[in-house]
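In the text below, chain A, chain B and the rest are named by the order of the sequence lines, each starting its count at 1.
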Amino acid sequence: MKATNKIRRTIFQQGLSFISTIALALLLGFVMLWLNGSAPKDVLAAAGSSTFASPFRFANMISRMLTIVLVSLAAAIPFKAGVWNIGGDGQLAMGGFFSAMVGVYVTSLPPVLHIGLAVLAGMAGGALWAAIPAYVRLKFKANEIVTTIMMNYLAALVTGYLVNYPFRAPGSANAETSLVQESAILSQMVPLSNLSTGLYIVIATFILICFLDWKTSWGYEWRVLGSNDEFARYGGVKDNRMRFLSMLIGGALAGLAGTILVLGSYHKFILNLGGGIGFTGVLIAIIAANSPILILIVSAIFAILSNSTVGLEARLGIATEFSSILQSVIILLVITRSNIWAGITKLVKRR
Amino acid sequence: MTYAIETHQITKVFGDTVANDRIDLQVIEGHIHAVLGENGAGKTTLMKILFGEEQPTSGKIQIRGKTVMISSPAEALRLSIGFIHQNFTLVNEFTIGQNFALGIEPRKNLFFADYDKVNQKVQKILDLLDMPLKLDVPVGSFSVEERQIVEIGKALYRGAEILILDEPTSVLTPQKIEKLLDILRKLRDEGKTIIMITHKLEEAFSIADEISVLRKGNLVATLPRASVTKDQLIRLMVGDEPLSVVEKAPHQFGAALLEVKNLCVRSGGRDLVKNVSFEVHRGEIFGLTGVGGNGQGELIEALVGMRPATEGDILFDGTSVVKWDIRKRRLNGMAYVPENRVTRGTAVSLSVLDNLVMGHHYLPDFHQGLVLKQKKMESFALDIIKQYEVVASSLEINAGSLSGGNLQKLVIGREFSMNTPFLIVAYPSQGIDIRTTKYVQSELIRRRDSGCAILLVSGDLDEIFSLSDRIGVMYSGELVAITTPESTNRFELGQYMVGSRRNGQ
Ligand SMILES: Nc1ncnc2c1ncn2[C@@H]1O[C@H](COP(=O)(O)OP(=O)(O)OP(=O)(O)O)[C@@H](O)[C@H]1O
Ligand SMILES: [Mg+2]
């Protein structure tokens, strides 16, 4: 059929423009480093080595990617419904803290139950932290961009207090909880790495989110709300309820990211657990236009990039900030890609 | 006597619509010139041409005797023409001075604008307008009428000698209208020329020196205020061709399905719907008409649940529905073809399929728990496309890529196929071709004959007349008349619409 061909073509073009923009950004990165005196060959080798040289490095990249995918989805689901969730960091922290509480203080449960309970607690913690700004937005029309950011600071303060005083590990020099019980640990999948069996939880969650997005009335109503909320209301979508729900799910996803860091990587709650990854999630959701599949791809790229900094610094003495610069270049290029493409097509046509 | 503006044979064509047809408008310098006409008569288009926002397809414009090309609003301002749009154009976060000087700020030095200088000039203008407003607060904190007057001040600041106002009073309460008219009179006495579009005869009468009437793109007359009567103007606005009635079976009154009782809608301090009562019976098409913006929109919104009713009751099949949300009303048998298909009737960035299943997607047929029945939805959507002849290459293309008429057919198809006992249909033939209009009309009549209750809202008297069993007219939030096509005529409806007559007078 002619029509479906057309769709395939647009999807192909979209994908092509997306991938070529990222390639362009990477190319720019090489040029920058070249001008700085590092031969592209060495750069590639150094960057590649930090991800692909050994299984545990690759596993670390995947583990990083899991966190990024979850916080990106945490931003993307509310975005779809037209709500800004900039609060991924706070939700991740609360989620991590809740799961650590269950992990440390609940005892004598079989592992499956204990992990299940800790995961639920973590997701509930994230959802709860997202529910507050969502409620304030719906009830008092307070701008959720502001409130979710405020909730990030609040989460940092609250968890900071909690792990400094009431729940600090006895005798520890750092602000952190005790280690979680053996039964709550997500076991390591690759020796020496951060990658845990949390991988399976994330895969299952990812599939579930794709399913929600593509096949259910929730996904449909979010999509409509996000693209024309007046139309949604007119058609009988319970707009506020769906917005609230999208925030809850976003919060739960960020909470899950915190949970997996706690149960899988650190085995305890530490201060600044996510390290500001929530904001990266927001950017990736924008770049990937809220599409789960694109989020997967972009997250992989970002995970590789942030991994590479280690190798670049160790081998070539390139400052770790370089990866942040490159990420910013990618973001700028991807966001302006339609304009860039229009410009290129124009140039080509003029020929 | 000199003319501030003279147009010669100005014509503007949009696709198939001739919005302005060889218009020769003459506006006398130092006078107030009112422009009247039904919705869609071409008033705004003509003014946009004078302000350089639209280019005429053909024709010539003279400003103070000199032939000019008004290529842009900037050019219009250079010719000292200012335009106060129907909707506000102020930046709410800026102060009056920042708004007035936006883009033309005088410089104190290389980097900083000289707002002291701006504010001196602003103060003079506010004094002239007799508006003591604060200079250091954002304009968003002002009331609607204050902002309206600030808009006028902005045009004056930029040196306008000819002021064009597009329905400036439509958002104001009666007392504030008086105040605005006083200001306009004062400006005329200062020597400004003013063109004001309005739908309210009363206003034109109280303020204008000359009155022009547009009808279907033509300038039908320009008359001095002193030598014209209201009835004459109404005839000019609505025309005097006899109205035709579509062949249909005689009216079979069923029981009342919708009963509206003393309904009031208030918002932002304005009474948008005032104490409206009427019924729509099974087997009846109730035509609701009026000049756009007289409360019809808000009334419909209250009926479907998109806007709360401040007072009064709505009974649907005997049950009060005022507390029900939109979905519950839809599930219980209301469907609604909205006036604005792009902002309300569709989501243009989503696919045709997504647009067609809206409102159906929570009916039992189309979902199993949370999961939507994709196959069912697709075959349903294809049926609508076929039945209503929506030209779309596939279900997956963006609704925004459909032509206006096809988008309208999509909306009508979606709402009609809910097969509800009650339908609200607003401006159904807007932008669709004659064949589809005929189809929609016969479909409305078929449903009426099979016992459906239909509320038809339209500003097009021909449409209202030909389809309705009874006709209601709204003016300024009130239902001023309920009548039947047999016992009224175009002129009388025109009188109701411009507020110069009420039922029984
Ligand atoms: N940009 C446009 N593209 C296509 N058609 C247009 C455009 N602008 C106006 N029209 C059409 O031209 C006709 C005249 O429109 P115009 O806005 O001038 O009417 P109006 O007299 O100002 O009506 P109202 O009283 O409703 O404001 C209408 O049929 C309208 O649909
Ligand atoms: Mg207009």
Side-chain angles (χ1 to χ4, degrees), chain A residues 1-14 77 79-82 138 141 143 146 207-246 248-249 286 289-291 338, chain B residues 300-301 304-307 324-332 334-363 366-374 377 392-401 411 414-415 418 424:
Chain A
M1 265 179 27
K2 210 169 139 205
T4 45
N5 277 340
K6 204 159 150 191
I7 298 162
R8 244 180 245 143
R9 206 163 55 227
T10 38
I11 290 175
F12 179 71
Q13 277 170 353
Q14 287 260 331
I77 296 295
F79 275 178
K80 257 186 201 294
L138 299 183
K141 302 211 163 93
N143 184 322
V146 177
I207 292 171
L208 187 70
I209 291 291
C210 285
F211 180 78
L212 265 187
D213 187 21
W214 296 333
K215 298 283 179 200
T216 68
S217 57
W218 288 3
Y220 171 68
E221 295 196 344
W222 287 331
R223 198 156 66 230
V224 178
L225 257 181
S227 67
N228 181 355
D229 57 346
E230 184 177 339
F231 172 56
R233 233 167 74 73
Y234 149 87
V237 172
K238 296 183 176 167
D239 50 347
N240 280 344
R241 187 183 294 187
M242 291 313 291
R243 288 194 185 104
F244 192 74
L245 186 66
S246 74
L248 285 189
I249 292 183
I286 294 174
N290 305 332
S291 143
S338 48
Chain B
I300 302 177
E301 288 178 352
V304 297
M306 295 188 74
R307 187 188 270 280
W324 291 7
D325 64 16
I326 301 166
R327 180 177 296 198
K328 189 155 183 202
R329 295 188 205 197
R330 276 184 171 271
L331 282 169
N332 278 279
M334 288 192 178
Y336 163 33
V337 176
E339 170 179 2
N340 197 324
R341 55 190 171 233
V342 173
T343 60
R344 175 167 299 172
T346 56
V348 286
S349 58
L350 296 183
S351 69
V352 168
L353 179 65
D354 280 347
N355 275 284
L356 279 173
V357 297
M358 176 50 76
H360 295 267
H361 71 280
Y362 46 75
L363 299 176
F366 292 100
H367 67 95
Q368 179 110 57
L370 266 188
V371 183
L372 295 172
K373 294 183 180 166
Q374 193 72 20
M377 294 197 319
S393 54
S394 85
L395 288 178
E396 296 309 320
I397 60 168
N398 275 355
S401 67
V411 175
R414 180 187 65 219
E415 297 300 314
M418 304 233 167
I424 296 177

Quiz prompt | Among the listed options B:Val357, B:Val304, B:Leu395, the residue most often paired with chain A at heavy-atom distances under 4.5 Å | solution = B:Val357

Quiz item: At a heavy-atom separation under 4.5 Å, does B:Arg414 approach chain A through its side chain, its backbone, both, or neither?
Solution: side chain

Practice problem: For chain A, find which of B:Ser349, B:Gly369, B:Gly345 contributes the most heavy-atom pairs closer than 4.5 angstrom. | Solution: B:Gly345

Quiz item: Under the side chain to side chain contact (heavy atoms under 4.5 Å, CB included) criterion, do B:Ser394 and B:Ile397 qualify, and how do the steps go?
Solution: CA-CA 6 Å; B:Ser394 85; B:Ile397 60 168; 3.7 Å; yes

Exercise. Taking A:Trp222 for its side chain and A:Met242 for its backbone only, find out whether a donor-acceptor pair lies under 3.5 Å.
Key: yes

Practice problem: Identify which of B:Gly305, B:Ala347, B:Ala335 forms the greatest number of heavy-atom pairs closer than 4.5 Å to chain A. | Solution: B:Ala347

Exercise. Measure from NZ or CZ of B:Arg330 to the centre of the six-membered ring of A:Tyr234 and say whether it is under 6.0 Å with the direction within 45° of the ring axis.
Key: yes

Self-check item: Best-contacting candidate, A:Thr216, A:Val237, A:Leu212, against chain B by heavy atom pairs under 4.5 angstrom
Solution: A:Thr216

Exercise. Would you mind telling me which of B:Asn340, B:Val371, B:Thr343 has the largest number of heavy-atom pairs within less than 4.5 Å of chain A?
Key: B:Thr343

Quiz item: side chain to side chain donor-acceptor pair (under 3.5 Å) with B:Tyr336: which of B:Arg344, B:Glu415, B:Glu301?
Solution: B:Arg344

Exercise. Output all residues satisfying side-chain contact (heavy atoms from CB on, under 4.5 Å) with A:Lys215, sequence neighbours left out; order by chain, then residue number.
Key: A:Phe211

Practice problem: Sequence neighbours left out, what passes ring-ring contact (aromatic ring centres under 6.0 Å, His included) with A:Phe231? Give chain and number order. | Solution: none

Self-check item: Which atoms of B:Tyr362 approach chain A - backbone, side chain, both or neither, heavy atom under 4.5 Å
Solution: side chain

Quiz item: Which atoms of B:Asp354 come close to chain A, meaning under 4.5 Å heavy atom to heavy atom: side chain ones, backbone ones, both, or neither?
Solution: both

Quiz item: Of the backbone (N, CA, C, O) and the side chain (C-beta and beyond), which part of B:His361 lies under 4.5 Å from a heavy atom of chain A, both, or neither?
Solution: side chain

Exercise. Heavy atoms only, distances under 4.5 angstrom: which of B:Thr346, B:Asn355, B:Leu331, B:Ile326 has the most pairs with chain A? Name it, please.
Key: B:Thr346

Self-check item: Heavy-atom closest contact (B:Ala392 atom, B:Val352 atom, distance)
Solution: CB-CG2, 4.3 Å

